[in-house]
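Every chain is numbered from 1 and lettered A, B, ... according to where its sequence line falls, protein lines coming before strand lines.
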There are 2 protein chains.
Amino acid sequence: MSAREQEQVASGAVLSKQRVVVEAVRLADREGVDGLSMRRLAGALGAGAMSLYHYVASKEELLDAMVDLVFEEIELAPEGTDWQSAMRRRAISARQVLARHPWAIGLMESRTSAGPANLRHHEAVTACLRKAGFPVLMATHANWLLDSYVYGFALHAASVPFDTTDEFADMAENVFLPQLPPDEFPYLNESAAALIAAGYDPAEEFIFGLDLVLAALEPLRVSA
Amino acid sequence: MSAREQEQVASGAVLSKQRVVVEAVRLADREGVDGLSMRRLAGALGAGAMSLYHYVASKEELLDAMVDLVFEEIELAPEGTDWQSAMRRRAISARQVLARHPWAIGLMESRTSAGPANLRHHEAVTACLRKAGFPVLMATHANWLLDSYVYGFALHAASVPFDTTDEFADMAENVFLPQLPPDEFPYLNESAAALIAAGYDPAEEFIFGLDLVLAALEPLRVSA
DNA sequence: GACGTACAGTGTACGACGTACGGTGTACTA
DNA sequence: TAGTACACCGTACGTCGTACACTGTACGTC
């Protein structure tokens, strides 16, 4: 919170950038990003639409701020543990946060400037990798790989209309399989059947790939 | 192309779903997805806005079709080579295609039903993995991991405002570094400096992680 | 020829959107 | 008491997606 915002709060202002952005995230969670309009957001805050423009220069800036607020929810890589545990924790936290705010993923593609929380996050991850003994360029490679996996998984998971084992089994039997003629898609049929039997849990699915990636990175650091 | 569309073309109809969707992709490539409106698209086709609704039930359906058209551009996993080469080729192709149509990535999050090209693609990948000796569930895990990496990389790359070594060096020196006080972000400064010196190429960066992932998956198949 | 039907394509209109602009009102300073 | 600053808002403009009712033309069938 900037000095200016503190002033506003102290002087009894009803609105603040903080409040605007927080409510915007809430609205997007509830109704999706398409349901977020300046008028509706203002309504939720008990204000007129144009009042928002005292705290946010444009809707684009609001979206930037929303994405950064989401980044703030992600746990920073903890210090004082081995690098794999630290990366594991922050990756799992990131996945959970993005699952809570799926609209944020689609927004990232169009947002080209990183917010402060994003930068802090990136710095913490890089620090962790460097301290673990990854050479500079190897650390950036590892960073790209891990981030790509985390965001990609979240994107993939958001584009799929189920979140739990039961939902998946239901959708698979009643929606997917009927669309998949067995002679044209034999392997997808086989996969779906196996997944229905075994159950699907996004958290487990995520960890499978995550641990594989972490293990693959291990030999690339030079021990201290 | 459906029987109905062939009829239309044969009978001299000026528009067709094909033509509408192709032009929509072109427009989105040129102006971004925000610049794509039904009126502008119709204009580009020399038609009135409402005419489009004879070929597309709604803008949502148009966006679905656009995403599927992009999937059609991705090379299918070739048969008759070892699984790693096959996966490598299709992943590299996917990355290139998504770099050409960055708007498609952001769209995927909100599209919950896969189009035919998407399904064909998925089937081909699964077939390749199964034939390479991955057990059913392992193949779906590998699928998730690979897809997450590919889409995640594309998403990450789209959210970054440079594409070539020169652009990166320019942006880093003139935009990023000035925003990164060295005492607050020592590691990001170090990384940026190293990357400026070493050069940045998205294709290489992508292949680094891809090969690591492929190698990590190798031991999980049971040899035939 | 005349007439009916089907359907590709369109003009107009409605409600919602982002936001420019020019107000209000209240709280504080001088 | 007058002046100033600024949080807040009402109105209006251009654009959006699209419902609805309409045009014109092509092609039967007599």
Side-chain angles (χ1 to χ4, degrees), chain A residues 1-25 27-28 30-67 103 106-107 110-111, chain B residues 1-25 27-28 30-67 103 106-107 110-111:
Chain A
M1 198 188 260
S2 70
R4 162 140 194 223
E5 282 156 13
Q6 281 176 342
E7 237 175 72
Q8 290 168 351
V9 170
S11 72
V14 183
L15 261 34
S16 71
K17 178 156 185 179
Q18 180 79 251
R19 236 164 79 66
V20 168
V21 178
V22 166
E23 190 60 41
V25 167
L27 201 67
R30 222 171 33 229
E31 323 236 4
V33 82
D34 285 343
L36 172 73
S37 77
M38 298 303 266
R39 282 175 240 255
R40 300 237 280 142
L41 175 55
L45 288 161
M50 289 314 292
S51 307
L52 304 180
Y53 287 89
H54 279 263
Y55 303 96
V56 142
S58 64
K59 191 177 186 186
E60 282 295 295
E61 195 195 286
L62 174 64
L63 295 176
D64 281 342
M66 289 169 67
V67 169
W103 47 266
L107 244 43
S110 46
R111 246 115 286 287
Chain B
M1 200 187 260
S2 70
R4 164 142 193 220
E5 282 156 14
Q6 281 176 342
E7 238 175 73
Q8 289 168 353
V9 170
S11 73
V14 183
L15 261 36
S16 71
K17 178 156 185 181
Q18 180 80 250
R19 236 165 79 66
V20 168
V21 178
V22 166
E23 190 60 41
V25 167
L27 200 66
R30 221 171 34 228
E31 322 237 4
V33 82
D34 286 344
L36 172 73
S37 77
M38 298 303 267
R39 280 176 241 256
R40 299 237 279 142
L41 174 55
L45 288 160
M50 291 313 292
S51 308
L52 304 180
Y53 287 90
H54 279 262
Y55 303 95
V56 143
S58 63
K59 191 176 187 185
E60 283 295 294
E61 197 194 285
L62 173 64
L63 295 176
D64 281 342
M66 289 169 66
V67 169
W103 47 267
L107 244 42
S110 47
R111 245 115 286 285

Side chains of residues 39-47 of chain B: which donor-acceptor partners sit under 3.5 Å, not counting sequence neighbours?
| unit_1 | atom_1 | unit_2 | atom_2 | d |
| --- | --- | --- | --- | --- |
| B:R40 | NE | B:G35 | O | 3.3 |
| B:R40 | NH2 | B:E31 | OE1 | 2.9 |
| B:R40 | NH2 | B:G35 | O | 3.2 |

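Rounded to an integer number of Å, the gap from B:K17 NZ to C:dG9 C1' is 18 Å. In this structure, the CD atom of B:E61 is 15 Å from the C1' atom of D:dG17, given to the nearest Å. The separation between A:Y53 atom OH and D:dG10 atom P is 15 Å, rounded to whole Å. Across the protein-nucleic acid pair, B:R19 atom CZ and C:dG9 atom C1' stand 13 Å apart, rounded to whole Å. Distance CG (A:L52) to P (C:dC17): 13 Å, rounded to an integer number of Å.
Across every non-hydrogen atom of B:R111 and B:L107, the tightest pair is NE-O, 3.2 Å.
Within the 4.0 Å cut-off from OP1 or OP2 of D:dC9, at least one side-chain nitrogen or oxygen of A:S51 is found.
Here the side chain of A:R19 pairs no donor or acceptor atom with the backbone of A:L15 at under 3.5 angstrom.
In terms of the side-chain contact (heavy atoms from CB on, under 4.5 Å) criterion, residue partners of B:E61 (sequence neighbours excluded) are, by chain and number, B:K17, B:V56, B:A57, B:S58.
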Shorter than 3.5 Å, N or O on both sides, protein versus nucleotides 21-26 of chain C: list them out with atom names.
none

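Base pairing of C:dG9 is made with D:dC22, judged by Watson-Crick or G-U wobble geometry with both donor-acceptor distances under 3.5 Å.
Listed by first and then second residue, the salt bridge (charged side-chain N to carboxylate O under 4.0 Å, His left out) pairs that reach into residues 44-54 of chain B come to none, sequence neighbours excluded. The stretch residues 46-59 of chain A participates, sequence neighbours left out, in no salt bridge (charged side-chain N to carboxylate O under 4.0 Å, His left out) pair at all.
For DNA chain C, the neighbouring residues in residues 32-48 of chain B, judged by any heavy atom under 4.0 Å, are B:R39, B:A47, B:G48.
Taking CD from B:E23 and CG from B:L62, the interatomic distance works out to 11.5 Å, rounded to the nearest 0.5 Å.
Side-chain contact between B:V20 and B:Y53: absent, with no pair of heavy atoms (C-beta onward) separated by less than 4.5 Å.
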